[in-house]
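First the structure, in the form of structure tokens, and then the observations on it.
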Amino acid sequence: MNRKIATINALEILDSRGNPTIRVFVSLDNGIKASASVPSGASTGEHEAVELRDGDKRRYDGKGMLKAVDSVNAVIAPQLLGMDPTHQAEIDQFMIDMSGASNKGKLGANAILGVSMAVARAAAMTADLPLYRYLQGPGMVRIPVPMMNILNGGKHADNSVDFQEFMVMPFGAPSFAEALRYGAETFHALKGILKKKGYATSVGDEGGFAPDLKSNDEACELIIGAIESAGYVPGKDVAIALDPAASSFFENGVYRLGKSGQGDKTSAEMTQLYQAWIDRFPIVSIEDGLDENDWEGFREHTAVLGDRIQVVGDDIYVTNTEFIARGLRDKTTNAVLIKLNQIGTVTETIEAVRLCRNAGWGYVISHRSGETEDTFLADFAVGMGGGQIKTGSACRSERIAKYNRLLEIEAELGRTAVFESPLRPRL
Ligand code: PGA
Ligand code: ZN
């Protein structure tokens with residue numbers, strides 16, 4: 001069968017924050033054309049693969065992506081022409097080798113990932129398979145439960161809340177469509193409650209509210225109120241998941257709860273604080289509860305909390321199999337956040353998922369705070385079969401695009417669709 005890569009080219013586009021990012025177009029000699037767009041994080045992990053930006057202050061305050069476009073057009077494309085797009089691992093390895101250093105900074109992880117994703121899409125189209133089916137690993141396809149970030153603090157909000165993300169997880173719903181409805185209704189109920197209390201209802205980058213709350217506790221209390229006022233049972237129908245993003249308030253060896261005025265804490269004290277919260281609120285998952293370099297603290301944190309909740313590592317692993325392997329050895333967490341652009345190729349991301357799955361760990365497929373209308377993530381989450389996706393609140397089209405694609409996939413699969421939360425209710 002004819003299916004060679006005929007052309008590859010890139011275009012500088014804008015992400016949901018109005019910052020430049022990259023879209024890559026791939027065409028095959030059988031006439032198939034595909035494209036993919038790359039997201040971009042703000043609270044990035046220290047060891048993430050490096051995004052190549054121009055640094056030219058005259059354009060987009062230095063954030064331009066013309067160098068990354070050039071990496072694709074002038075360096076990567078000529079080397080990949082004529083290759084078979086279904087040979088994803090080979091193509092990805094070729095780009096990794098071309099970039100030299102392990103952080104992919106030379107060609108740019110953004111340039112490499114754009115090509116990697118667009119190639120996967122072209123290959124799926126050639127095979128006449130939906131992307132989730134084409135990407136499907138050895139496990140089953142499964143429609144993920146959404147973790148919806150509806151309330152913000154930390155660096156994402158100007159208030160007295162130290163923790164970055166308060167998410168609702170409608171895991172008691174019978175289907176994805178129903179889960180999305182539970183989540184959206186809770187989001188709207190929260191908006192009503194905030195309004196009534198005189199709080200602002202403008203939304204942040206991921207679509208969550210960022211009102212001027214008085215404390216961390218108030219955030220959880222308001223969410224419980226919203227779940228109930230939407231007609232659901234907290235902990236049974238809809239649970240809470242947190243991403244404190246603790247690296248952002250870790251300074252000189254202490255966790256500085258400065259915004260809420262709770263003072264400085266050690267790792268063990270942070271874990272105690274989370275434990276008290278888990279006793280009070282229906283929290284089922286905590287991501288980045290500690291700093292990205294606090295491996296020892298995390299081990300203790302997981303030993304204490306790991307059989308009650310899902311302990312997720314994001315910044316500590318940066319979707320890198322070397323770090324995840326260390327985590328598996330040391331029982332650092334019991335789950336991993338998976339972000340394609342933290343590592344920079346589809347193949348390496350699938351490898352990271354495989355490590356988690358083989359170890360019986362949870363994994364959550366995640367967006368970035370800077371996104372595009374691309375829905376690759378939705379198919380990726382279904383194909384990886386882990387049953388969890390983190391892709392923002394119930395507003396902002398770059399987030400909703402992923403949810404709408406998941407609705408489409410669920411409808412397409414019909415009665416064969418599997419929607420089943422890997423996390424169990426805590427009552
Ligand atoms: P980021 O934030 O995309 O800005 O890194 C999301 C997260 O911390 O999970
Ligand atoms: Zn995170």
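For ligands, and for the atoms within them, numbers begin at 1 and follow the listed sequence. Just so you know, these numbers come straight off a predicted model, no measurement behind them.
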Quick one: does H367 get a heavy atom under 4.0 Å from ligand 1? no
M148 side chain near Y182 side chain, heavy-atom distance below 4.5 Å: no
Are S40 and R53 close enough that a side-chain donor and a side-chain acceptor fall under 3.5 Å? yes
With a 6.0 Å cut-off (strictly less than), is the heavy-atom count around CZ of R299, excluding the residue itself, greater than 12? no
To the nearest 10°, what's the angle at the Zn ion (ligand 2) between atoms OE2 (E287) and OD2 (D243)? 80°
If the cut-off is 2.8 Å, does any N/O/S atom of D315 fall short of it from the Zn ion (ligand 2)? no
At a threshold of 2.8 Å, where the distance has to be below it, does the Zn ion (ligand 2) have an N, O or S atom of D314 nearby? yes
Check the pair Y317, H47 against ring-ring contact (aromatic ring centres under 6.0 Å, His included), reporting the backbone distance first and the verdict last. CA-CA 8 Å; Y317 299 130; H47 305 287; over 10 Å; no
Can you tell me if D264 has over 12 outside heavy atoms packed within less than 6.0 Å of its CG? yes
Parallel, tilted or perpendicular: which one describes the rings of F176 and F419, with boundaries at 30° and 60°? perpendicular
Could you check whether any heavy atom of S366 sits closer than 4.0 Å to an atom of ligand 1, since that is the contact criterion I want to use? no
Test F209 against Y199 for ring-ring contact (aromatic ring centres under 6.0 Å, His included), laying out the working first. CA-CA 10 Å; F209 300 113; Y199 284 130; over 10 Å; no
Report the part of D243 in contact with ligand 1, treating N, CA, C, O as backbone and CB onward as side chain, heavy atoms under 4.0 Å; options are side chain, backbone, both, neither. side chain
Mind checking whether K339 contacts ligand 1 via backbone (N, CA, C, O), side chain (CB onward), both or neither, at a 4.0 Å heavy-atom cut-off? side chain
Test log, rule side-chain contact (heavy atoms from CB on, under 4.5 Å), inputs R405 and D379: CA-CA 8 Å; R405 172 68 186 143; D379 283 77; 2.7 Å; yes
What is the nearest protein non-hydrogen atom to atom 9 (O) of ligand 1, stated with its residue, atom name and distance? K390 NZ, 2.9 Å
Under-4.0 Å heavy-atom contact with ligand 1, by part of D314 that carries it: side chain
Any N/O of A42 closer than 3.5 Å to an N/O of ligand 1? yes
Number the atoms of ligand 1 from 1 as they appear, then name those within less than 4.0 Å of a heavy atom of S369, with their elements. 1 (P), 3 (O), 4 (O)
Among all protein non-hydrogen atoms, which one is nearest to atom 2 (O) of ligand 1, and what is the separation to 0.1 Å? S43 OG, 3.2 Å
Over 12 non-hydrogen atoms of neighbours within 6.0 angstrom of NZ in K197: no
Evaluate R368 for polar contact with ligand 1, using N/O atom pairs at a separation under 3.5 Å. yes
At less than 4.0 angstrom from any non-hydrogen atom of E287, what atoms of ligand 1 do you find? 9 (O)
